[in-house]
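FYI, side chains are in, hydrogens and waters are out, and symmetry mates aren't considered; it's all heavy atoms of this structure. Just so we're on the same page: letters track the sequence lines, and every chain starts at 1.
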Amino acid sequence: MTELSANNPILADLTPEQADAVQHMEGPLLILAGAGSGKTRVITRRVAHLLQQGVKPYNVLAITFTNKAAQEMRQRIDTLLPGNRVWISTFHSFGARIMRQYAEHFDLDKNFTIYDMDDRLKVIKIAMDAVTVPGVEKFTPDRIGNAISRAKNQLLTPDAFYRQENDFLGQIASHVYAIYQKKLKEANAVDFDDLLFMPALALQTNEDFRNTLDARFKYILIDEYQDTNQAQYIMARFLSKASQNICVVGDPDQSIYKWRGSDIRNILDFERDFPKAKVITLDRNYRSTKSILHAASTLISRNKNRKKKGLITDNPEGEAVKVLTFDSGLDEADQIARQIKDKVASEKASYRDFAIFVRMNALTRTIESAFIKNGIPYQIVKGLAFFERKENKDILAYLRLLVNPQDNISFLRAVNEPARGIGKVSLEHLSGFAEQHQIGLLRAAANVEKVPNIKGKAAKGLKEFAQLMHVLREHIEDKPHEVIQLVLEQSGYRAMLKDSRDPEDEERLANVEELITAAMQFYNEDGERTITDFLEQITLASDVDGWDEKQDHVSVMTLHASKGLEFPIVYILAVEEGILPHERSLQKDEDIEEERRLAYVGMTRAMRELFLCNSKVREFRGQSLYAIPSSFLGELPEEVQRQDLSISSQRMASYSGFGTKAPFDWNKAAFTSSSAKVSPSPVQVGDTLSEELRPGTIVQHEGYGIGQILDVNGFGALRKVKIRFATQGDKTFVADKVKLKIVNKK
DNA sequence: CTGTCCTTTGTTTTT
DNA sequence: CAAAGGACAG
């Protein structure tokens with residue numbers, strides 16, 4: 001390098017390892033970047049450095065995990081080197097763009113629709129109805145859909161999937177898969193998985209296609225490589241076959257998407273795949289206090305299937321990490337709200353400094369009401385929930401059908417909204433006709449007079465709808481927001497909402513008006529953008545893409561969504577057995593390890609303060625049930641402070657007369673409360689403390705008599721207890737429903 | 001065909 | 001406790 005780093009902002013303020021990674025030019029590079037190790041800085045600088053060294057922006061491809069991350073990276077690079085337009089996107093957006101550009105390679109029209117999960121489910125149901133194999137009815141569309149998704153992630157076509165040795169589900173799914181794919185094709189639509197599957201397969205099998213793209217993308221950079229799946233892996237490999245200039249960045253300890261097909265081996269085997277790879281480890285953390293880092297490191301070190309490594313920091317010790325115990329979820333939410341309010345009032349922090357992480361979306365409800373009650377500004381970072389409202393989805397269905405007249409799913413959604421007298425039966429006739437003539441539903445509707453059995457109101461409605469779409473199609477090139485305006489007007493949708501006496505329709509009307517604003521903003525950012533772009537952005541948006549970090553509010557999100565972010569003060573809610581780790585991961589060690597990584601990801605987001613919360617009673621599906629602190633809490637180092645903030649703990653200090661034995665020894669030892677106690681809850685719960693139901697305990701059941709508990713599993717209403725009775729064999733009960741008398745504790 | 005009321009059903013995480 | 005699906009009357 002000829003430039004002096006002191007004068008070059010691209011190389012300024014970097015550690016030797018970071019500078020090494022930034023300046024690496026040719027050949028494969030693996031950057032193992034621990035949490036908070038300045039990864040974002042390194043990758044943006046690296047791209048900037050490549051450009052500075054004369055690499056053409058056109059030849060660079062950077063893959064990020066979210067569109068938001070892509071946007072940020074674009075801006076940072078633009079700040080360093082203005083005017084360079086590098087291709088930065090997620091794998092899915094990349095796939096979509098390639099597929100539109102080379103639509104003919106994929107046997108698609110370039111205005112294809114990308115189906116989301118809802119759409120996918122509908123197509124699966126249609127395919128399951130159409131398939132003739134016996135046994136389909138044994139599976140839910142959901143399970144079939146997952147099986148198909150897995151097949152696509154492994155680059156298996158319906159044929160290949162069928163030929164593969166399969167269990168019963170796989171056999172059935174492979175048949176549905178073939179029809180499902182045919183239906184998608186007919187609708188000129190693809191699903192999320194296709195955006196990876198199709199380009200990956202094309203790269204693998206079509207050498208010309210591969211050469212073209214490989215030659216174009218001479219330098220590839222992939223972030224969050226630990227969470228890539230097989231299809232993404234193939235894309236990465238085949239795009240960098242000639243140049244070998246592939247740089248991947250990741251942290252095996254933060255791999256949290258195995259359930260979605262991610263394969264941690266992709267990163268672990270990088271050096272095997274690219275024998276000449278240079279490996280740089282970034283193990284210095286700049287984000288968190290020593291306390292936080294130590295707590296997180298101690299937890300993650302419990303994972304057996306893991307390369308040993310540690311993170312170090314020069315940051316101060318800071319506040320101790322705290323485990324907080326509350327009476328109930330309501331109480332947990334309320335006390336956290338107060339803590340936040342107090343800290344903001346005393347000017348120790350702003351609202352934007354706080355983040356609340358949860359394992360499941362359902363847990364945001366209570367915290368949301370507590371924030372509303374306490375007047376705390378907040379944002380729930382959950383996708384573009386706005387676009388998922390019924391009224392907006394309806395309007396978007398019109399748009400999708402305009403752009404892609406073959407889109408049958410959107411047709412079915414829009415055709416009778418507002419009501420045009422078209423019911424289920426008419427649509428079945430229409431589908432039959434469309435099937436018979438191999439045309440789309442819209443085209444069939446345009447020829448409704450030729451369809452037998454559709455008469456009267458329904459026929460008139462269909463004809464009118466087809467004509468409406470025909471008229472609207474004239475405006476397809478108009479600005480997105482103007483098209484929406486037109487759709488609202490001419491479809492009668494706006495009139496329907498306006499004339500309604502349902503008070504909620506007023507809000508719906510406001511929402512669709514806001515949809516126009518959203519489209520206008522989208523267009524104003526870039527006048528080249530089309531309706532197709534607008535629709536694509538909405539469909540491919542990730543949860544954090546809707547997050548507005550500029551606002552001064554508390555951020556509430558899932559642990560998954562928190563990946564890659566950082567906040568001064570972090571609360572993780574419901575760190576309870578069955579929630580984190582999640583009940584459905586408890587069977588397999590490798591699944592529990594992923595839950596531990598998830599907890600690790602959440603903890604390492606915190607810069608200054610970290611609170612891990614649990615409550616004694618958790619409200620769930622309208623019921624209140626005893627909750628057990630997460631086993632992860634017992635894996636934290638000693639200096640973590642444990643505070644029992646439950647009212648019952650204060651009140652019960654002098655109370656005796658119920659159980660005297662804490663359910664877990666480590667719990668008893670670790671929590672600061674003075675005397676061991678299992679308190680009767682202030683809320684109504686089942687007759688038997690489900691905490692006391694543990695394997696080995698001898699119990700008596702009214703009808704079955706004496707038995708011994710074999711197994712207890714599940715959480716909340718799903719918690720089951722399996723009992724072996726002396727005379728009646730094994731029986732399984734719902735833990736909070738069954739009445740049992742404890743005879744002999746284990 | 002449409003709207004309403006009632007039963008059933010279900011909950012991990014998401015591009 | 002909700003949302004979603006099914007049954008039924010208008």
Side-chain angles (χ1 to χ4, degrees), chain A residues 63-70 89-96 114-118 120-121 125 140 142 145-146 149 152-153 190-197 224 227-229 231-232 255-262 357-366 381-384 388 390 416-427 454-462 500 502 536-546 557-563 574 578-586 591 594-595 597-599 601-602 618-624 714-718:
Chain A
I63 299 287
T64 57
F65 203 68
T66 63
N67 295 293
K68 193 180 184 67
S89 72
T90 64
F91 263 116
H92 287 86
S93 297
F94 173 77
I114 301 168
Y115 278 174
D116 65 17
M117 293 299 269
D118 277 359
R120 180 183 90 162
L121 201 63
K125 280 182 186 160
T140 60
D142 214 49
N146 285 334
S149 181
K152 287 187 179 182
N153 283 167
V190 301
D191 65 14
F192 282 138
D193 298 317
D194 286 334
L195 298 176
L196 309 175
F197 168 73
E224 305 284 6
D227 278 322
T228 48
N229 65 27
Q232 290 164 328
S255 166
I256 54 175
Y257 283 96
K258 192 186 118 201
W259 53 274
R260 200 170 86 176
S262 302
F357 298 156
V358 291
R359 177 62 178 84
M360 353 179 225
N361 287 302
L363 292 166
T364 59
R365 262 220 167 78
T366 23
V381 182
K382 176 68 181 81
L384 303 180
E388 272 151 37
K390 184 193 174 295
N416 204 32
E417 204 67 63
R420 295 184 177 92
I422 302 153
K424 204 177 138 211
V425 180
S426 302
L427 287 174
I454 304 183
K455 308 245 151 56
K457 213 166 44 162
K460 189 162 165 272
L462 284 166
S500 161
D502 183 346
E536 181 168 313
Q537 175 181 285
I538 292 169
T539 313
L540 294 185
S542 61
D543 273 357
V544 283
D545 291 346
M557 66 187 83
T558 62
L559 287 162
H560 283 88
S562 78
K563 187 164 84 161
I579 295 181
L580 180 67
H582 193 271
E583 179 223 324
R584 286 172 64 165
S585 71
L586 295 175
D591 290 344
E594 177 144 321
E595 295 288 306
R597 290 195 290 271
L598 194 53
V601 166
R618 178 71 49 189
E619 305 71 7
F620 197 72
R621 273 204 221 162
Q623 291 176 300
S624 291
F715 167 77
L718 304 170

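- Listed pair Asn153(A) / dT15(B) fails the phosphate criterion, with no side-chain N or O lying under 4.0 Å from OP1 or OP2.
- In this structure, the side chain to side chain contact (heavy atoms under 4.5 Å, CB included) partners of Ser542(A), at least two apart in sequence or on a different chain, are Thr66(A), Val544(A), Asp545(A).
- Close to dT11(B), at under 4.0 Å from its OP1 or OP2, lies no side-chain N or O of Asn361(A).
- Backbone-only contact: Ser426(A) has heavy atoms under 4.0 Å from sugar-phosphate atoms and none from a base.
- If you check every strand for non-hydrogen atoms under 4.0 Å, Lys152(A) touches nothing.
- Residues Ile114(A) and His92(A) have side chains not in contact (no heavy-atom distance under 4.5 Å, counting atoms from C-beta outward).
- Nucleotides of DNA chain C lying under 4.0 Å from heavy atoms of chain A occupy a range whose first and last members, 5' to 3', are dC1(C) to dG5(C).
- In this structure, the nucleotide among dT11(B), dT13(B), dT15(B) sitting nearest to the side chain of Arg584(A) is dT11(B).
- A ring-centre distance under 6.0 Å is not found for His582(A) and Trp259(A).
- As rounded to whole Å, 9 Å separates atom C1' of dT15(B) from atom CH2 of Trp259(A).
- Across dC1(B), dT15(B), dT14(B), the shortest atom-to-atom separation from the side chain of His92(A) is found for dT15(B).
- Nearest heavy atom pair, residue Gly461(A) against residue Ile422(A), reads C-CD1, 3.7 Å.
- dT15(B) has no base stacking with the ring of Phe91(A) when judged by centroids under 5.5 angstrom apart and an interplanar angle below 30°.
- Contact annotation: Thr539(A) side-chain N/O to dT15(B) OP1/OP2 distance is not under 4.0 Å.
- Counting non-hydrogen atoms of neighbouring residues, nucleotides and ligands closer than 6.0 angstrom, the NZ atom of Lys460(A) reaches no more than 12 such neighbours.
- Asn229(A) places its CG atom 12 Å from the C1' atom of dT14(B), with the value rounded to the nearest Å.
- Between Tyr257(A) and Phe65(A), the ring planes lie tilted relative to each other; the angle falls in the 30° to 60° range.
- Between Asn416(A) and dT2(B), a side-chain N or O to OP1/OP2 separation shorter than 4.0 Å is present.
- The P atoms of dG6(C) and dT11(B) are separated by 16 Å, rounded to the nearest whole Å.
- Regarding Glu595(A), its CD atom lies at a distance of 8 Å from the C1' atom of dT13(B), rounded to whole Å.
- Among the candidates Thr558(A), Val381(A), Val358(A), the single residue satisfying the side chain to side chain contact (heavy atoms under 4.5 Å, CB included) test with Thr364(A) is Val358(A).
- Computed from coordinates, the Tyr257(A) OH to dT13(B) P distance equals 11 Å when rounded to whole Å.
- dA4(C) sits 22 Å from dT13(B) when the C1' atoms are compared, rounded to a whole Å.
- Between Asp193(A) atom CG and dT15(B) atom C1' there is a gap of 9 Å when expressed in whole angstrom units.
- Residue-level contact check: Ile422(A) touches the backbone only, with heavy atoms under 4.0 Å from sugar-phosphate atoms and none from bases.
- Results of the side chain to side chain contact (heavy atoms under 4.5 Å, CB included) test with Glu536(A) over Thr539(A), Ile538(A), Leu540(A) single out Leu540(A) as the only residue that passes.
- In this structure, Ile538(A) atom CD1 and dT15(B) atom P are separated by 14 Å, rounded to whole Å.
- The side chain of Thr558(A) contributes an N or O atom lying less than 4.0 Å from OP1 or OP2 of dT14(B).
- Between Phe192(A) atom CZ and dT15(B) atom P there is a gap of 8 Å when expressed in whole angstrom units.
- Listed nucleotides dC1(B), dT2(B), dT14(B) differ in distance to Val425(A); the shortest reach to its side chain belongs to dC1(B).
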